[in-house]
Every structure is written in structure tokens, then in C-alpha cells.
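This report refers to the structure that appears directly beneath it.
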Amino acid sequence: MLLDLGIITDVIKLLSHPSYNAQAPALRCVGNCIGSCDAHAEVCMQLGAIPPILSIALHSQRAVLRREATWAVSNLAAGTIGQIEHLLRLDLAQKTITLLSPQEHPSVRREAVWIIANVSTRGSWPQMEAFIAVGCIPSLVSILAA
């Protein structure tokens, strides 16, 4: 619907707004768009939604926003090999380590586990190797053992 109405660009711009009241609904809308189908995810990706979403996931002071942003990224990680490759070019493997940190809120860590799960089921072996190379397996084991 956001794509049909032509307002997705405006919603994506709100991801960079300093107000929680603007960011939170924008993040939910864009996350739902990304998760709806690969074609919609591709449009969001091409319109530049992923860098601000990653910024929220890594830097927001609010755990609820970090969780929503990580959820949106995990939706894209369940997409095509090309979409996963785009995420890897944005250093997603290393950023996932940060999201899996024991200091991170448990709800964010849970969503970060979905990033790895989605890449391992939808991505190529070299894409999964990128996560292995930065140390995602020990971080994943520590979460599963907790």
C-alpha cells in the first residue's frame, strides 16, 4: 500500500527524524514493507532504507527501536541472495556481532539471531562464511547456552 500510494520515500525519510514519535511508526511501516515480499524489500533497499535502519539498530538509545530495526534487517536477511549481498556490503556480519553482544537488550539479541538464521537458510555458502569469519558462531552459542 505504501508503494502504491507513492509515500514510501517520505516514510523512509522519517527513519532519520530525531523524534521517537516519527521513527517508531516509520520503522514499523518500512519493516513490514521489507517483510511483505522480495520486490517490496528491493524497492526499500534501492530507496536507501537500510543505512538508517542499521543506524537505529546500532545507535538508538531506545531498546524498542533497536529491536524493531534489527527485526527489519532480519526481514531483509530472509530475502534474496542479492539482498543479503547488499547487507554484507554494509558490513552486516560485523554489525550482527554488536547486536549479539551480552550487553545488548535480550529482545535485540533475539532478533539478531534471526539475522543469522535467515542468512543460513536463504543465503549462499560464501555469505554464511562472512558471518562465520567475524565470529558469529561463538556469539550464537553463548546465546543458545544462556
Side-chain angles (χ1 to χ4, degrees), residues 1-3 8 11-146:
M1 181 141 187
L2 293 172
L3 296 174
I8 190 66
V11 175
I12 290 170
K13 287 178 187 172
L14 290 173
L15 293 171
S16 298
H17 196 280
S19 168
Y20 169 81
N21 292 330
Q23 271 189 344
L27 195 49
R28 178 51 71 161
C29 288
V30 174
N32 281 330
C33 189
I34 289 169
S36 66
C37 72
D38 291 339
H40 290 168
E42 192 72 29
V43 170
C44 290
M45 193 176 74
Q46 290 174 357
L47 291 173
I50 308 312
I53 290 173
L54 286 170
S55 179
I56 293 167
L58 295 166
H59 304 296
S60 177
Q61 296 298 310
R62 295 179 183 249
V64 66
L65 285 179
R66 291 193 313 274
R67 188 203 70 78
E68 287 287 313
T70 306
W71 163 76
V73 172
S74 75
N75 283 345
L76 192 58
T80 67
I81 287 177
Q83 290 164 349
I84 295 168
E85 195 60 40
H86 178 79
L87 290 172
L88 287 172
R89 283 193 302 273
L90 295 172
D91 200 24
L92 180 65
Q94 187 61 52
K95 290 173 181 169
T96 301
I97 292 290
T98 302
L99 297 169
L100 291 169
S101 164
Q103 291 76 31
E104 184 54 84
H105 193 274
S107 65
V108 175
R109 293 175 79 199
R110 230 180 349 265
E111 293 300 331
V113 168
W114 279 108
I115 293 172
I116 296 171
N118 290 337
V119 170
S120 69
T121 58
R122 300 286 305 237
S124 65
W125 176 246
Q127 291 171 330
M128 193 60 216
E129 282 179 321
F131 282 82
I132 294 167
V134 297
C136 281
I137 290 180
S139 297
L140 186 58
V141 168
S142 73
I143 289 172
L144 295 174

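What's counted below: heavy atoms across the whole structure, side chains too, no hydrogens, waters or symmetry copies.
Looking at every heavy atom in both residues, Y20 comes nearest to P25 through O-CD, 4.1 Å. Between T96 and A112 the shortest heavy-atom distance is CG2-O, 4.0 Å. Minimum interatomic distance between C44 and V30 (heavy atoms only, all atoms of both residues): SG-CG1, 4.3 Å. When all heavy atoms of Q23 and L14 are compared, the closest pair comes out as CG-O, 3.7 Å.
Going from atom OG1 of T80 over to atom CE of M45 covers 6.5 Å, rounded to the nearest 0.5 Å. Interatomic distance, CD1 of I84 versus CG of L92, reported as 9.5 Å (0.5 Å rounding). Taking CD1 of I8 as the reference point, atom SG of C29 lies at 7.5 Å (rounded to 0.5 Å). Rounded to the nearest 0.5 Å, atoms CD (Q46) and NE2 (H86) are 9.0 Å apart. To the nearest 0.5 Å, atom CD1 of residue I12 and atom CG of residue L27 are 11.5 Å apart. Atom CG of N118 and atom OG of S120 lie 7.5 Å apart (nearest 0.5 Å).
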Show me the side-chain donor-acceptor pairs of residues 126-146 shorter than 3.5 Å, one per line, residues at least two apart or across chains.
unit_1	atom_1	unit_2	atom_2	d
Q127	OE1	S124	N	2.8
Q127	OE1	S124	OG	3.4
Q127	NE2	I81	O	2.9
Q127	NE2	E85	OE1	3.1
E129	OE2	W125	NE1	2.8
S142	OG	S139	O	2.8

Throw together a table of side-chain donor-acceptor distances under 3.5 angstrom for residues 51-63, partners on residues two or more places apart or in other chains.
unit_1	atom_1	unit_2	atom_2	d
S60	OG	R62	N	3.1

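Pairs passing the salt bridge (Lys or Arg N to Asp or Glu O under 4.0 Å) check and including a residue from residues 18-29, sequence neighbours excluded, read R28-E68. For the salt bridge (Lys or Arg N to Asp or Glu O under 4.0 Å) condition, the pairs that include at least one residue of residues 32-59, sequence neighbours left out, are D38-R122.
The side-chain hydrogen bond (donor to acceptor under 3.5 Å, both in side chains) test applied to E104 returns R66, not counting sequence neighbours. In this view, S16 satisfies the side-chain hydrogen bond (donor to acceptor under 3.5 Å, both in side chains) rule with no residue, not counting sequence neighbours.
Side chains of L99 and V73 form no contact here, defined as non-hydrogen atoms less than 4.5 Å apart.
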Let me see the working for V113 and R109 under side-chain contact (heavy atoms from CB on, under 4.5 Å), right down to the final yes or no. CA-CA 6 Å; V113 168; R109 293 175 79 199; 5.7 Å; no

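Partner of S107 under the side-chain hydrogen bond (donor to acceptor under 3.5 Å, both in side chains) criterion, chosen from R110, E111, H105: H105.
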